[in-house]
Amino acid sequence: NAGVMQNPRHLVRRRGQEARLRCSPMKGHSHVYWYRQLPEEGLKFMVYLQKENIIDESGMPKERFSAEFPKEGPSILRIQQVVRGDSAAYFCASSPRASGSTDTQYFGPGTRLTVL
Amino acid sequence: GEDVEQSLFLSVREGDSSVINCTYTDSSSTYLYWYKQEPGAGLQLLTYIFSNMDMKQDQRLTVLLNKKDKHLSLRIADTQTGDSAIYFCAEIRDDKIIFGKGTRLHILP
């Protein structure tokens with residue numbers, strides 16, 4: 001059973017370009033979470049999605065950031081018009097049910113975004 | 001406050017025990033977690049403890065939970081060089097995992 005998969009592992013963008021980060025949850029998991037880790041910081045929650053629904057986006061910046069989890073295919077975190085401050089590691093996690101239950105979140109290896 | 005707090009650095013001699021401490025904020029958190037992150041890698045779930053437990057032991061790892069003081073600790077017995085990593089304490093709050101800033105464990109020869 002493959003773990004959570006993220007690609008690309010490393011992404012370099014120039015200021016003003018778009019970044020697309022992909023996350024494939026573990027098989028059987030229908031809940032996806034995105035976290036951002038700034039240098040020398042812990043992870044901060046961004047958004048929680050189920051298939052075709054955004055459940056909680058309270059951690060998402062109001063502009064330039066969007067996320068989706070379509071019926072088919074991976075979850076996508078999209079950052080438009082990137083700025084240097086977007087440089088960070090972006091981690092995806094998945095769980096089979098909401099994490100208040102006994103099912104915890106399992107993390108992918110992360111995508112390290114560098115904005116030049 | 002709203003943050004999960006933990007010390008940023010810990011140095012331990014190889015073979016000694018490491019104890020990493022954490023204070024959390026939400027007394028209603030059902031689960032508390034310890035994650036390990038090695039350089040350039042993702043997060044590995046090390047262990048978790050349910051809020052109605054005081055202690056959980058798993059091989060070299062012992063987790064202690066003091067609900068009254070909202071204090072969580074992770075003890076690593078017989079620390080090895082492979083234990084060198086950042087250890088994150090975390091709590092669950094409204095389906096979100098809230099992380100501390102991580103404790104960087106350095107192993108001395």
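Lettering of chains follows the sequences in order, A, B, ..., and the numbering in each one begins at 1.
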Contact summary for A:Arg112 and B:Ala41, nearest pair of heavy atoms: NH2-O, 3.2 Å
Shared hydrophobic cluster for B:Ile92 and A:Tyr48 (ILVMFWY, side-chain gaps under 4.5 Å): yes
Proximal component of B:Leu45, with respect to chain A [non-hydrogen, under 4.5 Å]: side chain
Same cluster (ILVMFWY, side-chain, under 4.5 Å), A:Phe69 and A:Tyr90: yes
Other residues, nucleotides, ligands: >12 heavy atoms within 6.0 Å of A:Gln81 CD: no
Per-residue contact mode, B:Gln37 against chain A (heavy atom under 4.5 angstrom): side chain
More than 12 heavy atoms of other groups within 6.0 Å of A:Met5 CE: no
Closest non-hydrogen atom pair between B:Phe88 and A:Gln37, with its separation: CZ-NE2, 3.5 Å
Over all atoms of both residues, closest heavy-atom pair of B:Tyr35 and A:Gln105: OH-O, 3.1 Å
Candidate pair A:Tyr33 and B:Ile97, rule side-chain contact (heavy atoms from CB on, under 4.5 Å), full reasoning: CA-CA 9 Å; A:Tyr33 310 79; B:Ile97 295 184; over 6 Å; no
Interface residue of largest heavy-atom contact number with chain B, from A:Gly108, A:Ala93, A:Pro109, under 4.5 Å: A:Pro109
Verify same cluster id: A:Val12, A:Val115 (apolar side-chain graph, 4.5 Å): no
Interatomic distance, A:Leu38 atom CG to B:Lys101 atom NZ [nearest 0.5 angstrom]: 10.0 Å
Proximal component of A:Gln6, with respect to chain B [non-hydrogen, under 4.5 Å]: neither
B:Arg60 atom CZ, neighbour heavy-atom count above 12 within 6.0 Å: yes
Minimum heavy-atom distance between B:Leu43 and A:Phe107, given as atom pair plus value: O-CB, 3.9 Å
Cluster check A:Ile55, A:Met60: I/L/V/M/F/W/Y, side chain < 4.5 angstrom: no
